[in-house]
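Throughout, protein chains are lettered first and strands after them, A, B, ... in sequence-line order, and every chain is numbered starting at 1. Treat the numbers as computed from the prediction; the structure is a model and nothing was measured.
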Amino acid sequence: MTADLSRASLEQGEVLVVERLGGGLLEMVARLPHLAATATPGSFAQLRCGTGTTPLLRRPFSVAWTHDDTCGFVFEAVGAGTRLLSELQPGDPLDSLGPLGHGFTMVNSGSVVCVSGGLGCAPFPLLINELRRRRVEDILVLNGARTAARLYPAERFARPAVPVVAEATDDGTRGHHGSVIDLLVQALGSQPSALYACGPNPMLNAVMRTLLDSGATLPPVLEASLEAPMGCGFGTCLGCALPVLGDGGASVWKLCCTDGPVMSMRDVDWAGVSALPGADVA
Amino acid sequence: MTADLSRASLEQGEVLVVERLGGGLLEMVARLPHLAATATPGSFAQLRCGTGTTPLLRRPFSVAWTHDDTCGFVFEAVGAGTRLLSELQPGDPLDSLGPLGHGFTMVNSGSVVCVSGGLGCAPFPLLINELRRRRVEDILVLNGARTAARLYPAERFARPAVPVVAEATDDGTRGHHGSVIDLLVQALGSQPSALYACGPNPMLNAVMRTLLDSGATLPPVLEASLEAPMGCGFGTCLGCALPVLGDGGASVWKLCCTDGPVMSMRDVDWAGVSALPGADVA
Amino acid sequence: MNERLTGSVDLGRGLVLPNVVGLASGTAGYGFELAQLIDLDRLGALYTKGTTILAREGNPPPRIAETGGGLLNSIGLQNPGVDFVATDYAPRWKDWTIRVIVNIAGGSAEDYVHCVKVLEPIAEVSGIELNISCPNIAHGLDFGRDPEAAARLVAAVRAVTERCVIVKLSPNVTDIVAIARAVEDAGADVVSAVNTYVGRKVHRASGRSVLPFGTGGLSGPAIQPLALAAVASLCEALRIPVIGVGGIVDAASAQDFLTVGATAVQVGTATFVNPETALDVLEGLTKVTA
Amino acid sequence: MNERLTGSVDLGRGLVLPNVVGLASGTAGYGFELAQLIDLDRLGALYTKGTTILAREGNPPPRIAETGGGLLNSIGLQNPGVDFVATDYAPRWKDWTIRVIVNIAGGSAEDYVHCVKVLEPIAEVSGIELNISCPNIAHGLDFGRDPEAAARLVAAVRAVTERCVIVKLSPNVTDIVAIARAVEDAGADVVSAVNTYVGRKVHRASGRSVLPFGTGGLSGPAIQPLALAAVASLCEALRIPVIGVGGIVDAASAQDFLTVGATAVQVGTATFVNPETALDVLEGLTKVTA
Ligand SMILES: Cc1cc2nc3c(=O)[nH]c(=O)nc-3n(C[C@H](O)[C@H](O)[C@H](O)COP(=O)(O)OP(=O)(O)OC[C@H]3O[C@@H](n4cnc5c(N)ncnc54)[C@H](O)[C@@H]3O)c2cc1C
Ligand SMILES: Cc1cc2nc3c(=O)[nH]c(=O)nc-3n(C[C@H](O)[C@H](O)[C@H](O)COP(=O)(O)OP(=O)(O)OC[C@H]3O[C@@H](n4cnc5c(N)ncnc54)[C@H](O)[C@@H]3O)c2cc1C
Ligand SMILES: Cc1cc2nc3c(=O)[nH]c(=O)nc-3n(C[C@H](O)[C@H](O)[C@H](O)COP(=O)(O)O)c2cc1C
Ligand SMILES: Cc1cc2nc3c(=O)[nH]c(=O)nc-3n(C[C@H](O)[C@H](O)[C@H](O)COP(=O)(O)O)c2cc1C
Ligand code: FES
Ligand code: FES
């Protein structure tokens, strides 16, 4: 089945702001009218990093939020490509291909839990904004990070009204001393109609295990945004395969860029995903 | 015979100014104390262009002049490396290896003619300054370029006192309408003790032919600064070979970076040099 | 305007490409994604993803890794199988003017012959490209590394098709000209070169290889000078046309292949970076030669 | 601190390198230029410029051309000849602690044998590296592409020297392991890989090749993933030590070779960009493993 790329388009945008949030987190605002007009929750853009041939490939980034003709991206400089992005100045051009990817399934009622680990915060502002538009008000964000400085600021998860954000830090410098996972079980009490998760693979894996172990009935919508190195971002190179459960539980491959990045956590082969090597940043 | 590299050193300098002279010519001033203290007329530095692996190699540039702990370079953006240099901002680091190369032979009396074509102007300010220090005052600069905007400004060939500069432009927009070569024969009348030339190979070739055809006795010191693509700049890669006349007139190779870049015009195999492909700028 | 560069190209047996610029196998799928992003019909040819007798799931992830100016891949020929291509994909190419050339891979001559037979009656298929050089499946390189085996394969395929047969050569050999001469004598109409170079990347955090089977195929600008050397040697030695592929990122790097004698070019990895690269190459060549 | 990475390395037959980092042949001359720029004695080994039975003027210019992340060279083995090296250069190595290994090239087995004999009595020579893979002289690749020829060459050299014999392999072959096994069986003590890859650059202004004989040897970061694949396959297949070379620019890219099993490394082209690269690599490896 061919992916629907009808909204995707190349776009030469302009960097407006690159804000340092602390802890290495950056929030970049760029004028990208097409992307801003067409991105949906969970969409990503393939951003060109630099103009040379090293790094060669574009890099995928979630559309964190849109406002008029601008888009926000939240990232950190982990390797060559993100380092180049972090050095961009206002007025610099930004080459985007997007929106791409299969996004989050929307709900129109009930309570929603968003589980964010580290830079997994990125897709949530756009998601929460859309949920609010659909009159879903009972939204709880569980936001975890290594340390306080790396917690995406609560007030940025949704504007103007800040949602309820429960924070956790590995080093206890803010909120719960430990992992977001610890906050999860309690959150399930509200019998959420949807749980959305984004973060490092080990965290996503832990979320799924915790849900199953808790014995609680799984939320009808249970989705995670996953990552894979991407060659093209539009379903052509077949390079971004991720293991999902096929018929009879055998592991088959689905494409992160078009079948995902958002996938039903029920379908993902978590053992397979956990076995993948972490991104080897250079 | 091993080249003397005792003065050459790696140095992390700092860009102070990148001045646009017009016509695409740029003059860059950088704080490079070691290079400033040790460069001699005809010396060059291997400058790193950018920090990545494309362009991979350093690029050679004549030390145009030195002042206290700063050095001047005159260049234009012709390809990937020089483009990166042209984008440098004051305060940016500049990675230099130098001084390198065999420079001009000095004279202490008589009159001197300097023949400059286009960016061939680069080595002359340092040369003229040294000649002046040696009380050589009768210095004539023949400066040619495609068009007026590309003529290196006369007052920059020597400070404070401007030398006599006769200008020629291919399009006649300033000075003699034609080539510097046309001005050469007349200049030879002064029986110069030295003639120094720097510019594109075809021009250098024409200078030599004109001298020979003129029947005038050749100046005792008759030298040109030549160019070749350089791998290392310090005599190790053997990549910068240039054809010179060996015993019996057969063509042998000498290294531009250590036997040159300044060579006696009597020794160069001008037919061989003229046959070389021009730099293929990308 | 120089017809050679931007006019149509006759590769023989009725295969005439509208222009010299094509999309390399495995970097354009079967065309359906790119058709949504660019105007495919302005290009000369689309070489499909390597297609096999049976559907293949492909290799486990990670399947790609980036290197300086290059891309390592170990896709493992994920494809829906030749029957599905013939029945479900081909009809969707019906109204396309871009020539669709199906790239075929297999483990035995019988596999290739079967695939070619299946495609023979399909009008939407304009030609066949035999991938005898895929480094990412077991035995994937045997045909590409042995002149006799390559010749036998081509002869077998030649016997069952009237279509233009392009043989995609591997650069991972001592003497690519020897392989090419063998397939030329066996009846190949065209050769395309090069496929990817065997490369490896170490996952520095773990010390293991990034790719599941250790090595993968290197493509992208890093290999352009190597591909250019291979293509130049083929153009000197062969009578049949040579299609140049490897590291093309713009009109100038494509022009290099035409300069050394290639009849047409394919743009691969660069399409991932910018889906419009092949169109830019075509436009650039038109300018260059205007 | 991990001795394997930064301690001394015993390559056999009395050749013990102070550490794993060496300067690759042809990128350090005979050491006399670099000795003025860096502290050579902190490094493990210097592999000299390829040395031949008679002095060679080398190829006509242009001899080098840059490519994306790479350098093409066609130096043509310019060198003063083995006798001059023995009489004039070797004495100047007397007080060096860096091991000087003379890289030898030739057109016939006799050439190599003669050179090795000339060097045998010279105390300052620590070992021999046989370059059977120079792409820039006529027949330069024959030995490197044919297992039998390579084995005969190594056996002939083995018969006349007690020194550690390192065989420098060409990557421009179908099966580098087959060549390596042949030289291992013929008595090679060590193999080093890789030499440069055959590449070409077009001079776009003229449409001719930049380099005088069309092609040259590609080196630099562009080839690192290819060299790494070759070295990994050698480390898996051989009993003798493998020295990794190709595209090393820093400690991490050097570590990759050690990770796949190389016993030591050589830094080549990167020394041109920064003469201190090999020292930085050594320091980096020390840190990595501290
Ligand atoms: C759908 C999607 C959305 C993403 N959204 C965001 C976001 O909003 N904010 C953010 O900070 N990061 C996000 N990432 C991760 C981001 O793409 C990587 O951090 C980035 O590619 C690293 O590039 P680099 O050159 O800096 O690192 P390098 O390690 O130098 O890149 C080397 C190679 O590894 C690949 N790679 C490295 N890390 C990752 C990774 N985690 N996921 C996929 N490929 C990787 C790169 O594509 C490249 O090919 C997203 C990833 C995906 C797949
Ligand atoms: C001793 C010496 C002194 C020089 N002094 C000056 C100077 O003061 N001002 C100035 O503007 N230029 C000078 N040049 C020329 C300058 O080095 C080239 O313009 C520069 O290398 C071009 O690099 P690029 O990346 O911009 O061009 P590219 O063409 O992209 O470089 C591609 C390759 O060609 C080589 N190359 C290209 N043009 C030349 C050239 N003319 N000479 C040698 N190699 C070349 C480069 O080194 C590189 O390897 C000098 C050259 C030499 C040898
Ligand atoms: C992700 C990917 C998949 C590929 N799949 C195939 C394939 O199925 N069949 C084939 O003949 N070549 C395949 N190739 C090789 C390309 O067609 C091309 O020969 C090679 O990538 C060199 O060109 P480039 O540098 O422009 O990418 C693939 C290349 C890439 C990058
Ligand atoms: C300019 C130059 C000259 C070389 N000369 C030789 C040589 O004489 N003998 C040899 O065995 N290898 C020679 N090589 C190959 C290098 O030793 C090394 O194998 C190759 O460059 C790959 O390493 P690198 O990428 O680190 O440069 C030469 C390489 C370069 C760039
Ligand atoms: S990134 Fe190319 S198919 Fe997903
Ligand atoms: S540039 Fe390397 S020897 Fe001259």
*Asks:* Going by salt bridge (Lys or Arg N to Asp or Glu O under 4.0 Å), name the pairs with one or both residues in residues 213-235 of chain D, residues two or more places apart or in two chains.
*Replies:* none
*Asks:* Taking all non-hydrogen atoms of both residues, which atom of C:Leu218 and which atom of D:Ala222 are closest, and how far apart?
*Replies:* CD2-O, 4.3 Å
*Asks:* Quick check on C:Leu228 against chain D: is it the side chain, the backbone, both or neither that has a heavy atom closer than 4.5 Å?
*Replies:* both
*Asks:* With sequence neighbours left out, write down each residue that passes side chain to side chain contact (heavy atoms under 4.5 Å, CB included) with D:Ala156, or none if nothing qualifies.
*Replies:* D:Val113
*Asks:* Using a cut-off of under 4.5 Å on heavy-atom pairs, state which of D:Val249, D:Val173, D:Val231 scores highest against chain C.
*Replies:* D:Val173
*Asks:* Go through chain C and chain D and list any donor-acceptor pairs closer than 3.5 Å, backbone and side chains both.
*Replies:*
from	atom 1	to	atom 2	distance (Å)
C:Arg145	NH1	D:Thr174	O	3.2
C:Thr174	N	D:Thr174	OG1	2.8
C:Thr174	O	D:Arg145	NH1	3.2
C:Thr174	OG1	D:Thr174	N	2.8
C:Thr174	OG1	D:Thr174	OG1	3.2
C:Arg200	N	D:Pro225	O	2.9
C:Arg204	NE	D:Asp256	OD1	3.1
C:Arg204	NE	D:Asp256	OD2	3.4
C:Arg204	NH2	D:Asp256	OD2	2.7
C:Pro225	O	D:Arg200	N	2.9
C:Asp256	OD1	D:Arg204	NE	3.1
C:Asp256	OD2	D:Arg204	NE	3.4
C:Asp256	OD2	D:Arg204	NH2	2.7

*Asks:* Applying side chain to side chain contact (heavy atoms under 4.5 Å, CB included), can you list everything that pairs with C:Pro62, at least two apart in sequence or on another chain?
*Replies:* A:Leu276, A:Pro277, C:Val210
*Asks:* Need one label for D:Ala252: side chain, backbone, both or neither, based on atoms under 4.5 Å from any heavy atom in chain C.
*Replies:* both
